[in-house]
S.K.: 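After the structure tokens below, expect a handful of questions from me.
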There are 2 protein chains.
Amino acid sequence: MTRIQREKQDIILEAALEVFSAHGFRGSTIDQIAEVAGMSKPNLLYYFPKKEEIHRRLMSELLVTWLAPLQEMRADGDPFVEIRSYIRRKLEMARDFPRQSRLFANEMLRGAPHIIDMIEVDLKALVDEKAQVLLTWMDEGKIARTDPYHLIFSIWATTQHYADFDVQVRAVLGKGRGGEGRFEDAARYLEQLFLHGLTPKPKG
Amino acid sequence: MTRIQREKQDIILEAALEVFSAHGFRGSTIDQIAEVAGMSKPNLLYYFPKKEEIHRRLMSELLVTWLAPLQEMRADGDPFVEIRSYIRRKLEMARDFPRQSRLFANEMLRGAPHIIDMIEVDLKALVDEKAQVLLTWMDEGKIARTDPYHLIFSIWATTQHYADFDVQVRAVLGKGRGGEGRFEDAARYLEQLFLHGLTPKPKG
DNA sequence: GTCTATATATTGATAGAC
DNA sequence: GTCTATCAATATATAGAC
């Protein structure tokens, strides 16, 4: 495959991400994607003969990106530093790659038909491994004893929320508060939530 | 409108909830809904002449259900009891009404085109009111000082996650752990998260 | 490789018999 | 109120000229 071909494919995939993440697979048309990509529909179909093939490519690339932040959590690091860094990385992904997050959420809502195998095998294996790391930290008394799986779920949920439910977050915060400060506020809030919860500090 | 008519409409709305929540608006066909409802397509269209009208009805009913749990949080109650109850109600909704949760998530992912007005007005007003309640509790030193808006967001995110990302949760927990214990585990975990975070208890 | 024109399939909605 | 038959619009995909 030539360099030109690869570039064209990348333009199409970028346009498809834009459209699929906003309207879902069925809600998106090749016409829309072609327009965003700046080419005609038959031209787009010259590079990707099937609409499904575009989606498939996006999904397989997505999963690699998706597993990366958790993989970086190191067993030999300081527990609080590692967890805080993980939360930060996930929140940065929600801020910088909201379309990927929404594409993933769309797939989940439909029962993950295209990636259920990778979820059940690769993702499960990774989470099992990191849950074991968390359990070790608990055994060592470095973090509170709790359910490591649900801990990971809650980090996913709280961070991805800022991408997937972005409209709602902005509407609720209103014009002033929604204006770009929300990710910094979220970072501060989530750090406190996961590290201390709502228990008030004794006055000092 | 007769009783029969109302019943038929309810059957259609129930079927539409099933289909829309799983495939999204554009991904659902009237044929599918009609089949689930156990009637022919023209017959269904006799009661709802437009596909959009079915969706509109579901959305307006949904929003009422959706605001209820937060409305019940009372300023004159004990803060920890009120917050814990709220989390519990939201988690029960994720468990008992996952389709409504997914319908809502679908709408959010698309930028809430049909309900943005209610989000910006009614939901915002309700959250503003409850954020004020939380702020008062913080001023009184009853709960830790934190961002009340992001606190509410994180309760939404963590509880709805068990409905919206159900496939993933079950796949990661595996056959044994995914088997029905997950909501009880989540309830225990979330209670600890919000009340104490990960700070380990001093040994004693 | 890119275009115009078009084939084919799906689907929302209607017509008209019963 | 419910059905069969069908229309009209949309959307995926292909044919064939350039």
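Values below: all heavy atoms of this structure, side chains included; hydrogens, waters and symmetry mates excluded. Residue numbers start from 1 in every chain, and the chains themselves are labelled A, B, ... in the order their sequence lines are given, proteins ahead of strands.
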S.K.: May I ask you to check whether Phe48(B) and His55(B) place their ring centres under 6.0 Å from each other?
M.R.: no
S.K.: Could Arg3(B) and Glu7(B) be called an ion pair, given the rule that one side-chain N must be under 4.0 Å from one carboxylate O?
M.R.: yes
S.K.: Does the distance from a Lys or Arg side-chain N to an Asp or Glu carboxylate O, for Arg56(A) and Glu53(A), drop under 4.0 Å?
M.R.: yes
S.K.: At what distance, to the nearest 0.5 angstrom, does CZ of Arg170(B) lie from CZ of Phe165(B)?
M.R.: 15.5 Å
S.K.: When you check every protein heavy atom under 4.0 Å of nucleotides 7-13 of chain C, what one-letter string (B, S, -) results, 5' to 3'?
M.R.: ----SBB
S.K.: In Å and rounded to the nearest 0.5 Å, what is the CD1 to CD distance from Ile115(A) to Glu120(A)?
M.R.: 11.0 Å
S.K.: For Gln32(A), report the nucleic acid contact type (base, sugar-phosphate, nothing); a contact means any heavy atom under 4.0 Å.
M.R.: nothing
S.K.: So, does Lys51(B) use its side chain to make a donor-acceptor pair with the main chain of Phe25(B) at under 3.5 Å?
M.R.: yes
S.K.: Look only at the side chain of Gln5(B) and the backbone of Thr2(B), and say whether a donor-acceptor pair between them is shorter than 3.5 Å.
M.R.: yes
S.K.: Check every nucleotide of DNA chain D for an atom under 4.0 Å from a heavy-atom of chain B, then give the first and the last such nucleotide from 5' to 3'.
M.R.: dG1(D) to dA11(D)
S.K.: Tell me which donor-acceptor pairs under 3.5 Å the side chains of residues 30-39 of chain B have, and how far apart each pair is, sequence neighbours excluded?
M.R.:
unit_1   : atom_1 : unit_2   : atom_2 : d
Asp31(B) : OD2    : Lys41(B) : NZ     : 3.3
Gln32(B) : OE1    : Thr29(B) : N      : 3.0
Gln32(B) : OE1    : Thr29(B) : OG1    : 3.4

